[in-house]
Amino acid sequence: MKVNLPDLAAMEALGSRIAGVLEPGDVVALNAGLGAGKTTLARAIIRALGHEGEVPSPTFTIIETYDPPAVSLPVVHADFYRLEDPREAEEIGLDDYRDGTALIAEWPENAGGFSHEAGCLSITLETADEGRIAIVQRGQNWLSRLS
């Protein structure tokens, strides 16, 4: 599925659609080059879940967590850009963070990838003439939730 994202409003709308059906155990894997909009989409999802404060990029902290009541669903926002080996995700305790939460993962391939998981929604952002295009691949658990 391809979604045209000509402007920030379209990115926010996609974030709202995803947040509306996001469940514990899901992964939203965001793939793209630097500056392509991964963090912008992650912020849109987190805001749509009800978070009203700042949503910092986890580029340096690697993991940021958001828990109720600030959000309607516990969510972990991770940026794996700085990982040099997928085993580092295990070393930082990623599995512990994921228990009972949804994961929004930037640079998922650096953590070993998540596309093999039924709960993975993989989104590749590409630049277009106007804005971005999101190429969305749905894992088994997403087939009936996002169209």
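Atom set for the values below is all heavy atoms of this structure, side chains included, hydrogens, waters and symmetry mates excluded.
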Side-chain heavy-atom pair I104, L41 within 4.5 angstrom cut-off = no
task = Using a 4.5 Å cut-off on heavy atoms from C-beta on, say whether the side chain of W142 contacts that of I18.
result = yes
Which pairs of donor and acceptor atoms, one on a side chain in residues 85-94, lie under 3.5 Å apart (sequence neighbours left out)?
unit_1: D85; atom_1: OD1; unit_2: R87; atom_2: N; d: 2.8
unit_1: D85; atom_1: OD1; unit_2: R87; atom_2: NE; d: 3.1
unit_1: D85; atom_1: OD2; unit_2: R87; atom_2: NH2; d: 2.8
unit_1: E88; atom_1: OE2; unit_2: E84; atom_2: N; d: 2.6
unit_1: E88; atom_1: OE2; unit_2: D85; atom_2: N; d: 2.8

Apart from I133 itself, residues in the same hydrophobic cluster as defined by side-chain heavy atoms under 4.5 Å = I135
ask   = Are V21 and V27 connected, step by step, through hydrophobic side chains (Ile, Leu, Val, Met, Phe, Trp, Tyr) whose heavy atoms are closer than 4.5 Å?
value = no
key: Cluster overlap V28 with M1, hydrophobic side-chain contacts below 4.5 Å   = yes
Work out which heavy atom in [X] is nearest to a heavy atom in [Y]; give both atom names and the distance.
X: P108; Y: F80; value: CA-CD1, 4.3 Å
X: A36; Y: L125; value: O-CD1, 3.9 Å
X: A48; Y: A19; value: CB-CB, 3.5 Å
X: F114; Y: A105; value: CE1-CB, 3.9 Å

Residues which pass salt bridge (Lys or Arg N to Asp or Glu O under 4.0 Å) with R132, listed by chain and number, not counting sequence neighbours = none
message = Restricting to salt bridge (Lys or Arg N to Asp or Glu O under 4.0 Å), what partner residues turn up for D26, sequence neighbours left out?
response = R145
Please tabulate, for the side chains in residues 4-16, all donor-acceptor contacts under 3.5 angstrom to protein atoms that are two or more places apart in sequence or on a different chain.
unit_1: D7; atom_1: OD1; unit_2: A9; atom_2: N; d: 3.3
unit_1: D7; atom_1: OD1; unit_2: A10; atom_2: N; d: 2.9
unit_1: E12; atom_1: OE2; unit_2: R47; atom_2: NH2; d: 2.5
unit_1: S16; atom_1: OG; unit_2: E12; atom_2: O; d: 3.3

Give every donor-acceptor pair under 3.5 Å between a side-chain atom in residues 63-77 and any protein atom, sequence neighbours left out.
unit_1: E64; atom_1: OE2; unit_2: T61; atom_2: OG1; d: 3.0
unit_1: S72; atom_1: OG; unit_2: L49; atom_2: O; d: 3.3
unit_1: H77; atom_1: NE2; unit_2: E106; atom_2: OE2; d: 2.6

Greater than 12 external heavy atoms within 6.0 Å of Q137's CD = no
Nearest 0.5 Å please: distance from the [atom1] atom of [X] over to the [atom2] atom of [Y].
X: E117; Y: N141; atom1: CD; atom2: CG; result: 9.5 Å
X: N31; Y: W107; atom1: CG; atom2: CH2; result: 9.0 Å
X: T39; Y: L34; atom1: OG1; atom2: CG; result: 9.5 Å
X: L121; Y: L30; atom1: CG; atom2: CG; result: 8.5 Å
X: K38; Y: S57; atom1: NZ; atom2: OG; result: 9.0 Å

